[in-house]
There are 2 protein chains.
Amino acid sequence: MSDTQDVLFRTLADPTRRALFERLCREGEKTVGALTARAGVSQPVVSKHLGILKQAGLVRDRHEGRQTHYSAQLGALAPLVDWTSEMAGFWQNRFDQLDDLLKRMDQ
Amino acid sequence: MSDTQDVLFRTLADPTRRALFERLCREGEKTVGALTARAGVSQPVVSKHLGILKQAGLVRDRHEGRQTHYSAQLGALAPLVDWTSEMAGFWQNRFDQLDDLLKRMDQ
DNA sequence: ACAATCCATACCTCGTTGGCTATGGATTTA
DNA sequence: TAAATCCATAGCCAACGAGGTATGGATTGT
């Protein structure tokens with residue numbers, strides 16, 4: 001039910017947005033202009049995507065004069081890691097149960 | 001660049017689809033009818049979502065008479081785990097406050 | 001053979017969203 | 001002060017996608 005997972009998945013589903021986030025992870029803090037230069041889309045589009053990433057908690061911004069610096073907030077990925085771990089856990093449990101069952105049938 | 005990540009994120013971005021996948025992870029193999037009963041959407045919609053999940057490699061189907069059984073293919077989540085790990089790696093190279101996240105991922 | 005059930009496909013509709021241009025506020029530079 | 005730069009917002013449009021209903025093929029039950 002956790003809504004944060006939904007926000008994360010929806011936010012990272014867009015390739016342009018994911019690319020922006022990846023660049024911030026790889027290269028660290030960047031201004032909007034620097035990001036726009038290699039984004040392949042217009043500056044307003046970059047700003048909008050950064051706004052969405054910010055709202056999802058995946059980036060934070062820092063204002064310095066007339067430019068805005070964005071940086072990745074990797075901690076926001078935790079719910080995603082938790083979700084995958086949970087799914088893997090269920091999977092493991094089912095195999096344990098199957099193991100159990102097979103052992104019973106064996107005797 | 002990897003297109004598989006894109007497919008995974010896009011596929012899991014939809015709540016209905018994610019719910020179906022979660023149920024298959026939690027409860028194991030299910031028929032379309034059983035899934036539809038609690039999905040909150042119509043049967044054709046469920047079938048369509050299952051088709052998309054299958055195309056993404058997240059589920060597999062098994063035909064038995066007139067019904068189709070679907071089950072989760074958890075291995076398909078690997079690219080997603082890899083991606084988060086990669087992002088975490090970049091981040092860690094720059095700073096060093098990653099303990100919390102790493103603990104979760106270590107499980 | 002006929003009816004009923006299970007599932008998938010086809011088709012349509014409508015809301016969401018990612019892209020653009022235009023514009024304006026804020027700041028720096030000439 | 002005037003011009004230029006940086007960024008965000010607003011408004012618009014086209015495309016995608018998730019939902020529905022209708023339908024048909026395949027299988028099971030009567």
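In what follows, chains carry the letters A, B, and so on, assigned in the order in which the sequence lines appear, proteins first and then strands, with residues in each chain numbered from 1. Atom set for the values below is all heavy atoms of this structure, side chains included, hydrogens, waters and symmetry mates excluded.
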### Message
Other residues, nucleotides and ligands only: do more than 12 of their heavy atoms fall within 6.0 Å of CD on Glu27(B)?
### Response
yes

Using a 4.5 Å cut-off on heavy atoms from C-beta on, say whether the side chain of Leu50(A) contacts that of Phe21(A).
no

Arg62(A) CZ to dC7(D) P, in whole Å, measures 12 Å

- Is His49(B) near enough to dG19(D) that one of its side-chain N or O atoms lies under 4.0 angstrom from OP1 or OP2? yes

Rounded to whole Å, CG of Leu20(B) lies from P of dA18(D) at a distance of 12 Å

Inset, instruction - For Thr31(B), report the nucleic acid contact type (base, sugar-phosphate, nothing); a contact means any heavy atom under 4.0 Å. - result: sugar-phosphate

To the nearest angstrom, the CD-C1' distance between Gln67(B) and dT27(D) comes to 10 Å

Between NZ of Lys48(A) and P of dC7(D) the distance, given in whole Å, is 18 Å

OP1 or OP2 of dG17(D) versus the side-chain N and O atoms of Arg17(B): is any pair under 4.0 Å? no

Taken to the nearest whole Å, CG/Asp61(A) to P/dT9(D) is 10 Å

_Gln43(A) side chain near Thr36(A) side chain, heavy-atom distance below 4.5 Å_ = yes

Rounded to whole Å, the CZ-C1' distance (Arg10(B) to dA15(D)) equals 14 Å

| said: For the CZ atom on Arg60(B), are there more than 12 heavy atoms of other groups (residues, nucleotides or ligands in this structure) within a distance under 6.0 Å? | reply: no

Looking only at dT21(C), dG20(D), dT21(D), the nucleotide nearest the Pro44(A) side chain is dT21(C)

Presence of Thr68(B) side-chain N/O under 4.0 Å of dA8(C) phosphate oxygens OP1/OP2: yes

His63(A) NE2 to dA8(D) P, in whole Å, measures 7 Å

Just to be sure I understand the rule, does Val45(A) reach a base, reach only the sugar-phosphate, or reach nothing, if contact means heavy atoms closer than 4.0 Å? base

Respond yes when some side-chain nitrogen or oxygen of Tyr70(B) is under 4.0 Å from OP1 or OP2 of dC6(C), and no when none is. no

So, does Ser42(A) get its side chain near the phosphate of dC20(C), meaning an N or O under 4.0 Å from OP1 or OP2?
yes

Comparing nearest nucleotides in DNA chain D, the 5'-proximal residue of the pair Arg66(A), Gln43(A) is Arg66(A)

Closest of dA8(C), dT9(D), dA18(D) to the Ser47(B) side chain is dA8(C)

Rounded to whole Å, CG of Asp14(B) lies from C1' of dG15(C) at a distance of 14 Å

ask   = Across the strands shown, which category fits Val32(A) at heavy-atom distances under 4.0 angstrom: base, sugar-phosphate, nothing?
value = sugar-phosphate

*asked:* Measuring to OP1 and OP2 of dC7(D), would you say a side-chain N or O of Thr36(A) lies under 4.0 angstrom away?
replied: no

Any chance CZ of Arg23(B) has more than 12 other-residue heavy atoms, nucleotides or ligands included, within less than 6.0 Å? yes

Worksheet item: Is there a side-chain contact between Leu77(A) and Met87(B), using heavy atoms and a 4.5 Å cut-off?
Response: yes

Heavy-atom nearest nucleotide on DNA chain C taken for Thr16(A) and for Leu50(B); more 5' hit belongs to Leu50(B)

